[in-house]
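Note that these values count all heavy atoms, side chains included, but never hydrogens, waters or copies made by symmetry. Since the structure is predicted, the reported quantities are computational estimates derived from the model, not experimental observations. Ligands are counted one by one from 1 in listed order, and the atoms in each one are counted from 1 as well.
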Amino acid sequence: AEKKGRVEFRDVTFKYPGAEAPVLSNISFTAEPGKTLAIIGSTGAGKTTLVSLLPRLYDVASGDVLLDGVPVTEMDASEITSRVSAVPQKPYLFSGTIEHNLRFGKPDATDEELWDALETAQAKGFVEEKSSGLNRRIAQGGTNVSGGQRQRLSIARALVTKPNVYLFDDSFSALDVATDARLRKALKGKTKDATVIIVAQRVSTIADADEILVLDNGRIVDRGTHDELLETSPTYQEIVES
Ligand code: CTP
Ligand code: MG
């Protein structure tokens with residue numbers, strides 16, 4: 001069967017409700033199952049806004065956002081949630097156990113699936129280190145967990161769902177370079193059939209992506225592989241050197 005999770009943005013322009021100027025203009029791209037699409041650009045470029053349009057945190061007024069050819073505006077929330085897992089830039093944990101947090105998108109997941117996701121997300125050691133294990137309690141707002149641990153638990157939660165599309169919004173930035181590299185390697189094996197979209201700050205996080213979109217001021221100014229962009233994109237070169 002054909003792999004699912006093809007994401008297409010067709011000439012998307014987006015304004016926040018009540019705002020005058022669009023924060024995204026004429027965005028068009030396709031992200032294919034089995035491939036990784038990366039989005040890079042300076043702060044305020046519109047990266048988080050862009051990835052929030054697929055799970056319909058906002059709906060576009062102009063253009064189309066399609067999942068396997070169907071506009072997401074024609075899908076209901078439960079369908080989108082089961083097919084698209086988004087790891088937000090500021091991940092949230094619920095007060096409750098780690099298990100409760102991990103099962104959020106898939107209540108019937110087995111313990112084995114939870115541990116498998118934790119291992120991929122490089123969070124297994126952190127959960128094993130206390131005897132309470134999966135029953136360890138997370139405080140309200142996840143305040144008893146560090147930023148990097150919160151990111152990794154949030155990544156594990158996304159993996160448990162086994163969606164067609166993963167959105168990682170700056171999900172690797174709180175990790176040291178070695179953990180980042182380990183996590184992405186493990187992730188590659190687990191997301192082979194899915195579409196992976198990664199928003200990143202560090203070029204090292206996305207250098208092996210199949211395609212990179214360079215976003216500047218709400219527009220895609222350049223696109224290509226890391227090697228192509230090094231040759232052709234002054235904006236990308238600036239990010240590499242920063
Ligand atoms: N913005 C807004 N209302 C919101 C969220 C964002 O008006 N609810 C604006 C921001 O002020 C910014 C633009 O939309 O001018 C793009 O924001 P965002 O998509 O969050 O930019 P990122 O590229 O994600 O920035 P960062 O790298 O800092 O995460
Ligand atoms: Mg952002």
Exercise. Could any protein non-hydrogen atom be found less than 4.0 Å from atom 2 (C) of ligand 1?
Worked result: yes
Exercise. Is atom 11 (O) of ligand 1 less than 4.0 angstrom from some protein heavy atom?
Worked result: no
Proximal atoms of ligand 1 relative to [X] (non-hydrogen, under 4.0 Å):
| X | value |
| --- | --- |
| T48 | 19 (O), 20 (O), 22 (P), 24 (O), 29 (O) |
| V23 | 13 (C), 14 (O) |
| Q201 | 27 (O) |
| T49 | 16 (C), 17 (O), 18 (P), 19 (O) |

Exercise. Where is the tightest heavy-atom contact between K106 and V160, given as atom of each residue plus distance?
Worked result: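 K106 and V160 have their closest heavy atoms at CD-O, 3.3 Å.
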Exercise. Closest heavy-atom contact between R184 and T205?
Worked result: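 Residues R184 and T205, closest heavy atoms: NH1-O, 3.2 Å.
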Exercise. Hey, does G44 sit under 4.0 Å from ligand 1 if you only count heavy atoms?
Worked result: yes
For this session: Check if A45 has a non-hydrogen atom at a distance under 4.0 Å from any atom of ligand 1.
Result: yes
For this session: Start with the C-alpha distance between T97 and L134, add both sets of side-chain angles, then the distance that settles side-chain contact (heavy atoms from CB on, under 4.5 Å), and finish with yes or no.
Result: CA-CA 7 Å; T97 62; L134 287 171; over 6 Å; no
Problem set entry | E129 atom CD, over 12 foreign heavy atoms within 6.0 Å | yes
For this session: Count the heavy atoms of every other residue, nucleotide or ligand shown that sit under 6.0 Å from NZ of K162, and state whether that count exceeds 12.
Result: yes
For this session: Ignoring hydrogens and angles, tell me if any N or O in the side chain of N164 forms a donor-acceptor pair with the backbone of A194 under 3.5 Å.
Result: no
For this session: Taking the side chain as every heavy atom from C-beta outward, state whether L50 and F14 have any pair of such atoms under 4.5 Å apart.
Result: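 A side-chain contact under 4.5 Å is absent here.
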Problem set entry | Side-chain heavy-atom pair L153, I98 within 4.5 angstrom cut-off | yes
Seminar exercise, completed: of all protein heavy atoms, closest to atom 27 (O) of ligand 1 is K47 NZ, 2.7 Å
Exercise. Please state which protein non-hydrogen atom is closest to atom 29 (O) of ligand 1 and give its distance, to 0.1 Å?
Worked result: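 Checked against all protein heavy atoms, atom 29 (O) of ligand 1 sits closest to Q89 NE2, 2.7 Å.
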Exercise. Which residue from F14, Y16, Y58 reaches closest to atom 6 (C) of ligand 1 through any of its heavy atoms?
Worked result: Y16
For this session: Check the angle between the aromatic planes of Y16 and Y58 and answer parallel, tilted or perpendicular using the 30° and 60° thresholds.
Result: perpendicular
Exercise. Applying a 4.0 Å heavy-atom criterion (strictly less than), which segment of T43 is in contact with ligand 1: side chain, backbone, both, or neither?
Worked result: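 It is both backbone and side chain that touch ligand 1.
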For this session: With the Mg ion (ligand 2) at the centre, find the angle made by OE1 from Q89 and OG1 from T48, to 10°.
Result: 80°
